[in-house]
S.K.: 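Below: one structure in structure tokens.
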Amino acid sequence: MELTVVNASCGYEGVPVLKNVSLCLRQGEIVCILGPNGIGKTTVFRSVLGFLKLIEGEILLDGVNKAHISQKEFSRSVGYVPQGHEPPFPYTVPDVVVMGRASHLKSFEAPGIREYRIADRVMELLGISYLREKIYTQISGGERQMVLIARALAQNPKLLVMDEPTANLDFGNQIRVLECIKGLSGSGLGVLMTTHNPDHAFLCCDRVILLTKHKEVLEGPVDEIVTEANLYRAYGVEVKITETRGDDGRIVRSCVPMLS
């Protein structure tokens with residue numbers, strides 16, 4: 001399955017925030033969107049998911065214009081993990097995960113045993129079965145993020161859109177979430193994610209879309225796009241990209257800011 005955005009202008013009430021955005025997400029790959037605050041990363045996501053109407057351009061799912069696909073049908077193929085979620089009621093963790101089955105149920109149909117079994121399998125897959133008896137509002141930030149991923153996977157999507165999945169997480173939980181994302185991609189899921197940390201692109205992504213402060217859209221393989229010059233164009237700060245060799249011989253690249 002393939003999700004394609006073609007020459008899109010995204011914005012609010014007819015006023016574009018970003019113009020000429022094109023991207024493609026395929027199953028089994030991770031595409032990362034980088035860029036400074038306020039540049040329009042979340043606006044692109046809201047447009048892709050149908051929360052905002054495109055000003056120009058088109059969105060295609062396997063070559064079919066999204067305008068000709070119902071939201072329910074689209075949701076069966078494309079899952080969404082928001083930055084954060086605070087439900088108005090103290091739902092149990094399984095209840096939150098089962099909410100991901102909504103696109104597979106009829107109007108006003110309540111989830112049944114089958115839906116809760118699917119939720120159990122997804123939680124086991126992600127290693128969070130120990131949260132079965134927990135209240136969602138009473139677990140840690142990292143655990144909540146994993147539950148939101150489980151909720152999206154319960155949809156059984158082919159593609160997953162994740163808006164800053166590591167936001168507000170400590171270092172350890174950031175790495176656990178990135179490992180989870182990499183594992184999901186390895187099982188055939190396509191992931192489109194945003195992050196504020198260029199190192200995350202080096203750790204797990206196949207391609208990058210970098211939005212600069214001048215609203216340029218740079219797209220390509222990670223090593224070609226996440227460069228010292230491009231990061232300066234995007235963030236206006238000087239960085240050096242270093243390489244570290246692990247015990248297994250792998251080379252990991254990372255960004256070091258050069259503080260004045």
Side-chain angles (χ1 to χ4, degrees), residues 30-39 41-42 45 79-87 90-97 99-100 119 122-154 160-187 189 191-206 208 210-211 222 226 231 234-235 237 239-248 250-259:
I30 304 173
V31 178
C32 177
I33 301 181
L34 289 169
N37 287 335
I39 201 65
K41 299 185 296 296
T42 298
F45 272 16
Y80 174 52
V81 179
Q83 287 186 34
H85 174 64
E86 186 72 44
Y91 293 107
T92 66
V93 166
D95 284 340
V96 173
V97 177
M99 291 176 187
V122 171
M123 291 171 65
E124 187 173 348
L125 172 69
L126 296 180
I128 57 171
S129 296
Y130 67 94
L131 295 175
R132 279 194 183 101
E133 307 300 324
K134 300 289 186 178
I135 302 299
Y136 178 78
T137 54
Q138 297 175 5
I139 60 179
S140 72
E143 289 170 333
R144 285 192 195 185
Q145 196 62 43
M146 296 300 290
V147 172
L148 290 179
I149 295 173
R151 183 182 68 172
L153 293 181
L160 197 58
V161 176
M162 310 181 79
D163 194 1
E164 295 187 37
T166 58
N168 303 315
L169 299 183
D170 65 37
F171 182 74
N173 280 319
Q174 287 184 37
I175 301 306
R176 292 182 189 99
V177 169
L178 292 177
E179 287 177 336
C180 172
I181 292 170
K182 195 167 183 178
L184 293 173
S185 172
S187 67
L189 194 69
V191 178
L192 177 65
M193 60 178 277
T194 59
T195 179
H196 283 298
N197 191 336
D199 285 346
H200 292 174
F202 287 132
L203 287 172
C204 69
C205 296
D206 300 297
V208 167
L210 178 62
L211 309 176
V222 177
V226 185
L231 291 175
Y235 300 102
V237 294
V239 301
K240 294 296 181 183
I241 294 178
T242 64
E243 295 184 348
T244 303
R245 186 180 298 274
D247 293 338
D248 59 359
R250 287 185 305 160
I251 294 176
V252 179
R253 307 181 81 200
S254 59
C255 300
V256 179
M258 307 303 291
L259 298 181

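Worth saying up front: this structure is predicted, and the values here are computed from it rather than measured.
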S.K.: For Pro257 and Val239, work out which heavy atoms get closest and say how close.
M.R.: CA-CG1, 4.0 Å

S.K.: Do Asp163 and Pro82 come close enough that some side-chain heavy atom pair is under 4.5 Å?
M.R.: no

S.K.: If you take all heavy atoms of Val208 and Val226, which pair is closest and at what distance?
M.R.: CG2-CG2, 3.9 Å

S.K.: Under the side-chain contact (heavy atoms from CB on, under 4.5 Å) rule, collect the residues that match up with Glu243, sequence neighbours excluded.
M.R.: Ile251, Arg253

S.K.: Which residues pass the side-chain contact (heavy atoms from CB on, under 4.5 Å) test with Asp206, sequence neighbours left out?
M.R.: Glu29, Ile30

S.K.: In a check of side chain to side chain contact (heavy atoms under 4.5 Å, CB included) between Gln145 and each of Asn168, Thr166, Val177, which one passes?
M.R.: Val177

S.K.: Heavy atoms, side chains only, cut-off 4.5 Å: are Val191 and Lys182 in contact?
M.R.: no

S.K.: Are His200 and Leu178 side-chain neighbours, meaning at least one heavy-atom pair lies under 4.5 Å?
M.R.: yes

S.K.: Over all heavy atoms of both residues, which pair between Pro198 and Leu231 is shortest? Give the atoms and the distance, please.
M.R.: CG-CD2, 4.0 Å

S.K.: May I ask you to decide if Leu169's main-chain N or O and Gln174's side chain share a donor-acceptor pair within less than 3.5 Å?
M.R.: yes

S.K.: A quick test of your reading: do over 12 heavy atoms of other residues, nucleotides or ligands sit less than 6.0 Å from CG of Asp248?
M.R.: yes

S.K.: Any donor and acceptor pair, going by atom type alone, linking the side chain of Thr194 with main-chain N or O of Glu164 inside 3.5 Å?
M.R.: yes

S.K.: For Leu34 and Leu211: C-alpha separation, side-chain torsions, deciding distance, then whether side chain to side chain contact (heavy atoms under 4.5 Å, CB included) applies.
M.R.: CA-CA 6 Å; Leu34 289 169; Leu211 309 176; over 6 Å; no

S.K.: Any side-chain heavy-atom pair from Phe202 and Val252 closer than 4.5 angstrom?
M.R.: no

S.K.: Could you tell me whether the side chain of Lys134 and the main chain of Val93 form a donor-acceptor pair under 3.5 Å?
M.R.: no

S.K.: Is any side-chain heavy atom of Ile181 closer than 4.5 Å to one of Pro165?
M.R.: yes

S.K.: Can you check side chain to side chain contact (heavy atoms under 4.5 Å, CB included) on His196 and Asn37, steps first, answer last?
M.R.: CA-CA 8 Å; His196 283 298; Asn37 287 335; 2.8 Å; yes

S.K.: Side-chain contact, heavy-atom cut-off 4.5 Å: Met146 with Cys180?
M.R.: yes

S.K.: Which heavy-atom pair separates Ile128 from Ala150 by the least distance, and what is that distance?
M.R.: CD1-CB, 4.1 Å

S.K.: Give a yes or no answer on whether the side chain of Tyr235 reaches the backbone of Gly35 with a donor-acceptor pair at less than 3.5 Å.
M.R.: yes

S.K.: Applying side-chain contact (heavy atoms from CB on, under 4.5 Å), name anything that partners Thr242, two or more places apart in sequence or on another chain.
M.R.: Ser254, Val256

S.K.: Under 4.5 Å between any side-chain heavy atoms of Met162 and Ile149, yes or no?
M.R.: yes

S.K.: Nearest heavy-atom pair of Cys32 and Thr195: which atoms, and what distance?
M.R.: SG-CG2, 3.3 Å

S.K.: Given side chains that start at C-beta, do those of Arg144 and Val147 come closer than 4.5 Å, heavy atoms only?
M.R.: no

S.K.: Where do Leu192 and Ile33 land on the side chain to side chain contact (heavy atoms under 4.5 Å, CB included) test, with the steps shown first?
M.R.: CA-CA 8 Å; Leu192 177 65; Ile33 301 181; 4.1 Å; yes

S.K.: Just verifying a value: how many Å separate Glu133 CD and Ile135 CD1, rounded to the nearest 0.5 Å?
M.R.: 9.0 Å

S.K.: Is a donor on one side and an acceptor on the other found under 3.5 Å between the side chain of Lys41 and the backbone of Pro36?
M.R.: yes

S.K.: Between Cys255 and Asp199, what is the shortest heavy-atom contact and its length?
M.R.: N-OD1, 2.7 Å

